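Worth saying up front: this structure is predicted, and the values here are computed from it rather than measured. Letters A, B, ... mirror the listed sequences (proteins, then strands); counts begin at 1.
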2 protein chains.
Amino acid sequence: MNIYDVAKEANVSVATVSRVLNNHKNVKESTRKKVMDVIKGKDFVPNSAAKNLSMGESRNIALIVPDIENPFFAKLLHGLSDQAIEFGYNVFMFGTDEDTERELQILESLKSELLRGLVMIPVSEDSENTKVLLNRFREASAPVVLIDRDVRGGDFDGVFSQDDEGAFNAVECLIKAGHRKIAIIRGSDTSRPGYERYRGYKKALAKYNIELRKEYCPYGDFMEENSYQAMKKLMSLENPPTAVFSSNNMTTLGCLRYFKENNLKIGRDISIVGFDDIKELRYTDIDLTVVDRPVYEMGVEAMKLLRKAIETRDKADEDGLFVKRNFIKTRLIKRGSEFCERLGKGESGSLDVD
Amino acid sequence: MNIYDVAKEANVSVATVSRVLNNHKNVKESTRKKVMDVIKGKDFVPNSAAKNLSMGESRNIALIVPDIENPFFAKLLHGLSDQAIEFGYNVFMFGTDEDTERELQILESLKSELLRGLVMIPVSEDSENTKVLLNRFREASAPVVLIDRDVRGGDFDGVFSQDDEGAFNAVECLIKAGHRKIAIIRGSDTSRPGYERYRGYKKALAKYNIELRKEYCPYGDFMEENSYQAMKKLMSLENPPTAVFSSNNMTTLGCLRYFKENNLKIGRDISIVGFDDIKELRYTDIDLTVVDRPVYEMGVEAMKLLRKAIETRDKADEDGLFVKRNFIKTRLIKRGSEFCERLGKGESGSLDVD
DNA sequence: ATAATAAATGTAAGCGGTTTCAAAATTTCA
DNA sequence: TGAAATTTTGAAACCGCTTACATTTATTAT
């Protein structure tokens, strides 16, 4: 059943049916009703492909994340998806498995899709090809909104976190708990969260006059296995750290794995503060202090930014295309894993802290 | 840039371009090359909306899950998505938040979408409306594949688990560890996993001549909070169980929360076996014995089933439309949480067990 | 070499909507 | 009451692709 059938049945033209369907003004109330009655009687549904073709645009957007199974991204998807439904968009979901090649493939395959917009957590900040493709989307009037990670020199809208501040707070918390030998397991330098959190770490050390030691700053690349290896290396230093700032949730799992396998107990042998909460730990012996973020809300926000971008572009096109970049505040949730018996449960007293 | 521009540039007709694009036979190698050169030179991408409209079908499918954030579904999505890309499909993602109304809304909104297929974990087995809508999709030649949960009387293809056997093994494991007072926290009776796992539980008790006690079988509805409440009720019975079979991952979290809050230690005060693994626990003090499933693979399998359904329908239509329902085997991973000091770490010895 | 056959290409009609432009119907106002 | 202004409607072109059918070109067999 299509618009012509409806038209015939209602004794009007297709143009009129179309107007009714799209809530145009200038449709007499009586004819509107006539058409609506037919539509309700039969189960007519307008063909979206035809609509898309005719209008040169769709109500579809895509979300591309590096790791579908990471709860952080799942939560993000949840928020974004809810808001998308609210706004009447459908979302295509893709995972790149942290692989730039795959990311490019996906973007490439989406070029034919008449996407209305794109929300993306890019694998790397430095993929020129990604930038080129994203720019093409933007030019084809499919705005791009980034989340969490950036694209260098891309100048895209985005929802990010105050990563460095979050990291600073995490590390400061460890310092105030009495630690001075604090390691960080870092994410790749090709991602904002990677280098910004490292920056926060360095800032905190600097503020308290703690020397930065290169060997305390291995990469875990935000991956469990690599982080496990990094932790292992840290603990086999001749002078191992007493605390570690785990700069990502997967990283934290890697650390915990090492702790468990080597019978290191948090609070007795080692301290840890993580970035991004891990819900499942709440009910275990691990009372993890973490830098937390409103992840669901970030997803929602990304969708809102995207819609705004879609609408303003539709209107002002060349005019007001200023970039909207939000930096979401983090929050330190103290649960105790920053302390360590060896150091004495020094509240903030043991060091000269303001 | 469209197919006409390409045609002009290459000095051929649009039909020829179309043929080249779709790898038709009967295209001379030389003209094929001519066209391809033009396509590569300019950056032509065929408009999928036009294609969809013209062919009356798309390469899009939808995945509808009840809870986007549940790692089980995330894993499922991962497998499905990977396989979908492999097969050249894009997947729309939706979450129903375990709400039948929302489920219906989503299905309703998808009717216009020319979907090629639908993969779904329905909220409830008993939603007549859902069944009606799904049947409509199927009739509109968009096959439906269910995962994990069923639709009563729907007769849809699907990938399920051997839930009862899995549950049976879980409970038997507890029995062999010496327990006789074993509770279950159940899922809703309106879902296959809900009642099948309960069935497995009952079977196990029956086999070992253990009386079934109604008060040991509260509902947790596969939700953390409800399961927490259920656990609380269980432990405040005058004769509380010594072990619990937690029939779902969220349920397990609810139990763990109760244990932690009430200082019950697994292995000392209580035993537990779960259904569906919880990765994050691996590195904590909780060595959870669980019924595990190849979740990623189930997602892959669902996509394979879907494609088969799409293809056979395209071909044999009325002919061979027999339903394909796979029942995936579960696997019990013993990690120790089935034991309990109070009972003596009875291997299988303490009861007469074959 | 030529008719018969097969292969390659082109023409044009859809697919199901939206939208411009003109015509018809209605309302407003002198 | 009739012309002008306004609202409501319809005819038909268009979006960009596929494909049935017609036509041209190449190949094969006689």
Side-chain angles (χ1 to χ4, degrees), chain A residues 1-36 38-39 42-60 88 109-116 140-142 314, chain B residues 1-36 38-39 42-60 88 109-116 140-142 314:
Chain A
M1 177 148 210
N2 61 27
I3 211 178
Y4 284 87
D5 302 327
V6 175
K8 198 182 304 170
E9 192 113 11
N11 267 315
V12 296
S13 73
V14 292
T16 300
V17 176
S18 177
R19 289 190 188 102
V20 170
L21 252 32
N22 294 288
N23 292 312
H24 275 269
K25 56 217 154 235
N26 295 349
V27 181
K28 222 198 312 186
E29 191 47 40
S30 63
T31 56
R32 176 185 304 281
K33 190 167 177 325
K34 210 164 39 167
V35 172
M36 287 309 276
V38 173
I39 288 178
K42 322 281 155 179
D43 62 335
F44 165 74
V45 180
N47 179 317
S48 74
K51 182 163 188 163
N52 294 347
L53 173 59
S54 171
M55 309 224 301
E57 64 183 37
S58 73
R59 298 292 285 182
N60 300 335
S109 84
L110 284 175
K111 286 206 293 192
S112 67
E113 229 36 69
L114 278 192
L115 282 190
R116 201 62 191 288
S141 80
D314 278 3
Chain B
M1 177 147 210
N2 61 28
I3 212 178
Y4 284 88
D5 301 327
V6 176
K8 198 182 303 169
E9 193 111 13
N11 267 317
V12 296
S13 73
V14 291
T16 300
V17 176
S18 176
R19 288 188 190 104
V20 170
L21 252 32
N22 294 288
N23 291 313
H24 274 269
K25 55 215 155 242
N26 295 347
V27 181
K28 221 199 309 186
E29 191 46 40
S30 63
T31 55
R32 177 185 305 279
K33 191 166 176 325
K34 210 164 40 168
V35 172
M36 288 308 276
V38 174
I39 288 178
K42 320 282 156 179
D43 62 336
F44 164 74
V45 180
N47 179 317
S48 74
K51 181 164 190 164
N52 293 347
L53 173 59
S54 172
M55 309 224 300
E57 63 183 38
S58 72
R59 298 293 285 181
N60 300 334
S109 84
L110 284 175
K111 287 206 292 193
S112 67
E113 228 35 71
L114 277 193
L115 282 190
R116 201 63 191 287
S141 80
D314 279 3

Query raised in the report: Starting at the 5' end of DNA chain D and moving along, which residue's nearest nucleotide shows up first, A:S54 or B:K51?
Result: A:S54
Query raised in the report: Under 4.5 Å between any side-chain heavy atoms of A:E113 and B:N60, yes or no?
Result: yes
Report task. Under 4.0 Å between any heavy atoms, over every strand shown, what does B:V17 touch: base, sugar-phosphate, or nothing? Just pick one. Result -> nothing
Query raised in the report: Can you tell me how far P of C:dT19 sits from CG of A:L21, to the nearest Å?
Result: 12 Å
Report summary line: Atom CZ of B:R32 and atom P of C:dA8 are separated, to the nearest Å, by 10 Å
Query raised in the report: Does B:N2 use its side chain to pair, donor to acceptor, with the backbone of B:D5 at less than 3.5 Å?
Result: yes
Report task. Establish, with yes or no, whether the OP1 or OP2 oxygen of C:dT18 is under 4.0 angstrom from a side-chain nitrogen or oxygen of A:S18. Result -> yes
Query - Validation row: A:K51, A:I3 side chains within 4.5 angstrom (heavy atoms) - result: no
Query raised in the report: How is A:N47 classified with respect to the nucleic acid when contacts are heavy atoms under 4.0 Å: base, sugar-phosphate, or nothing?
Result: sugar-phosphate
Query raised in the report: How close or far is atom C1' of C:dC15 from atom CE of A:M1, stated in whole angstroms?
Result: 17 Å
Query - Atom-to-atom span, CG of B:N11 to C1' of C:dG10 - whole angstrom - result: 13 Å
Query raised in the report: Pick the nucleotide of DNA chain C nearest each of B:T31 and B:M55; which residue has the one closer to the 5' end?
Result: B:T31
Query - Nearest-angstrom distance from the residue atom NE2 of B:H24 to P of C:dA6 - result: 21 Å
Report task. Just call it for A:D5: base, sugar-phosphate, or nothing, with non-hydrogen atoms closer than 4.0 Å on any strand. Result -> nothing
Requested in this report: Check A:V38 against A:A10 and note the closest heavy-atom contact, atom names and distance.
Outcome: CG2-CB, 3.7 Å
**Report entry** Positive for side-chain contact (heavy atoms from CB on, under 4.5 Å) with B:V20, one of B:K33, B:K34, B:R32
**Finding:** B:R32
Query raised in the report: Of the nucleotides C:dG16, D:dG10, C:dG17, which has the atom closest to the A:L53 side chain?
Result: C:dG16
Query raised in the report: Checking all strands, does B:T16 fall into the base, sugar-phosphate, or nothing category for heavy-atom contacts under 4.0 angstrom?
Result: sugar-phosphate
Query raised in the report: Between A:P46 and B:S112, which heavy-atom pair has the shortest distance, and what is it?
Result: O-CB, 3.1 Å
Query raised in the report: From the list C:dG17, D:dG16, C:dG10, which nucleotide is the closest neighbour of the side chain of B:N2?
Result: D:dG16
**Report entry** Residue A:K28, side-chain heavy atoms: nucleotide from D:dA12, D:dT8, C:dG17 that is nearest
**Finding:** D:dT8
Report task. Classify the nucleic acid contact of A:S48 as base, sugar-phosphate or nothing, counting any heavy atom under 4.0 Å across all strands shown. Result -> nothing
Query raised in the report: Does A:N26 put a side-chain nitrogen or oxygen below 4.0 Å from OP1 or OP2 of D:dT7?
Result: no
Query raised in the report: Starting at the 5' end of DNA chain C, which residue's closest nucleotide do you reach first, A:V45 or B:V27?
Result: B:V27
**Report entry** Whole-Å distance separating the NZ atom of A:K34 from the C1' atom of D:dT8
**Finding:** 11 Å
Report summary line: Nearest-nucleotide check on DNA chain D, A:V12 vs A:A50; residue mapping nearer the 5' end is A:V12
Query - Between C1' of D:dA11 and CZ of A:R19, the distance in whole Å - result: 11 Å
Report task. Answer with base, sugar-phosphate or nothing: what part of the nucleic acid does A:N22 contact at a heavy-atom distance below 4.0 Å? Result -> sugar-phosphate
**Report entry** Interatomic distance where CD belongs to A:E113 and P belongs to D:dG16 [whole Å]
**Finding:** 16 Å
